[in-house]
Amino acid sequence: MLPQGLMDALLNAERIVALTGAGISAESGIPTFRGSGGLWEGYPVEKVATVEGFERDPELVWRFYDERRRNIAAAKPNDAHIVLAKMERLYDFWVITQNIDGLHQKAGSRNVVELHGNIWRVRCTECGRVGYNYEVPLKEIPPRCEKCGGLLRPDVVWFGEPVYDIDKAYSLAENCDVMLVIGTSAQVYPAAYLPRLAWSRNAKIVEINPQETPVSRYADFIMRKMATEAMNEIYQELLRASQEERE
Ligand code: APR
């Protein structure tokens with residue numbers, strides 16, 4: 001059963017935005033960051049996810065990312081990613097993700113804003129050249145730029161760095177009818193501000209997360225479920241509604 005009123009909100013919406021976090025990829029076997037067993041429990045953030053950490057020990061940072069690349073290369077999109085991709089056929093639909101795993105695109109989503117970059121992209125710290133590297137495992141650690149021989153870094157956003165495409169994200173949040181907030185602890189800014197912004201512009205906020213988060217305080221609808229279960233339920237109901245309309 002969907003929360004009361006959610007189906008009406010979805011059926012009346014023109015533009016829907018999904019803000020996703022690590023929780024949407026958890027059922028694909030990719031660990032989340034916070035909480036017990038989370039990635040940040042095993043690795044000190046300041047060592048592997050800051051510019052200072054990278055400058056101090058690029059090899060350690062690349063070993064951490066090499067391990068994550070192996071994990072992500074083996075992962076497949078789950079039903080939650082797949083349903084979001086299908087929703088692009090029904091709506092003006094956008095995904096804003098904090099994830100760097102590329103699973104939304106693998107599932108078929110095309111309208112994806114990657115706030116925190118992408119784990120398969122590399123950037124030269126000397127000449128700034130950006131490219132893709134899909135080697136798993138990496139042949140050389142730390143990898144070097146083909147053009148200038150400079151040190152490459154993962155093209156992901158570390159703590160203290162500005163996120164990508166924030167203007168696009170703000171504009172989508174300000175101009176959507178429904179925002180699905182899926183699998184994020186909503187603790188990292190500016191991403192965590194997007195649902196609040198959407199809500200202040202009268203979008204309906206739907207939280208999908210087995211745990212309470214700061215978004216729970218103002219969300220219009222809450223589904224305390226795993227992302228795959230909740231998204232399958234939503235999609236089934238949407239299909240049923242569109243069938244009824246045709247009959
Ligand atoms: N379905 C839905 N939600 C889930 C599931 C699931 N199957 N499993 C876990 N969750 C929820 C957790 O309850 C938690 O609220 O996903 C959330 C994951 O939170 P975080 O690990 O903090 O991940 P995220 O919010 O994406 O972190 C934001 O922090 O460290 C940085 O750059 C990193 O992009 C990341 C950012």
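Order of appearance sets the numbers: ligands from 1, and atoms from 1 within every ligand.
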Taking all atoms of both residues into account, what is the closest heavy-atom pair of P195 and M179, and its distance? CA-SD, 3.6 Å
Enumerate the protein residues lying less than 4.0 Å from ligand 1, judged by heavy-atom distances, in chain and residue-number order. G21, A22, G23, A26, E27, T32, F33, R34, W40, Q98, H116, F159, G183, T184, S185, V188, N209, P210, Q211, M226, A227
Carefully, step by step, assess E67 and R63 under the rule salt bridge (charged side-chain N to carboxylate O under 4.0 Å, His left out). CA-CA 6 Å; E67 198 47 49; R63 291 210 182 282; over 6 Å; no
Assess whether salt bridge (charged side-chain N to carboxylate O under 4.0 Å, His left out) is satisfied between E212 and R217, documenting all intermediate values. CA-CA 9 Å; E212 198 176 329; R217 285 201 293 273; over 6 Å; no
Sort out for me which residue in M223, E233, E237 forms a side-chain contact (heavy atoms from CB on, under 4.5 Å) with L6. M223
Q98, H81, H104 screened by side-chain hydrogen bond (donor to acceptor under 3.5 Å, both in side chains) with T20, the one that passes: H104
Kindly work out whether a path of hydrophobic side-chain contacts (I/L/V/M/F/W/Y, heavy atoms less than 4.5 Å apart) joins I24 to V95. yes
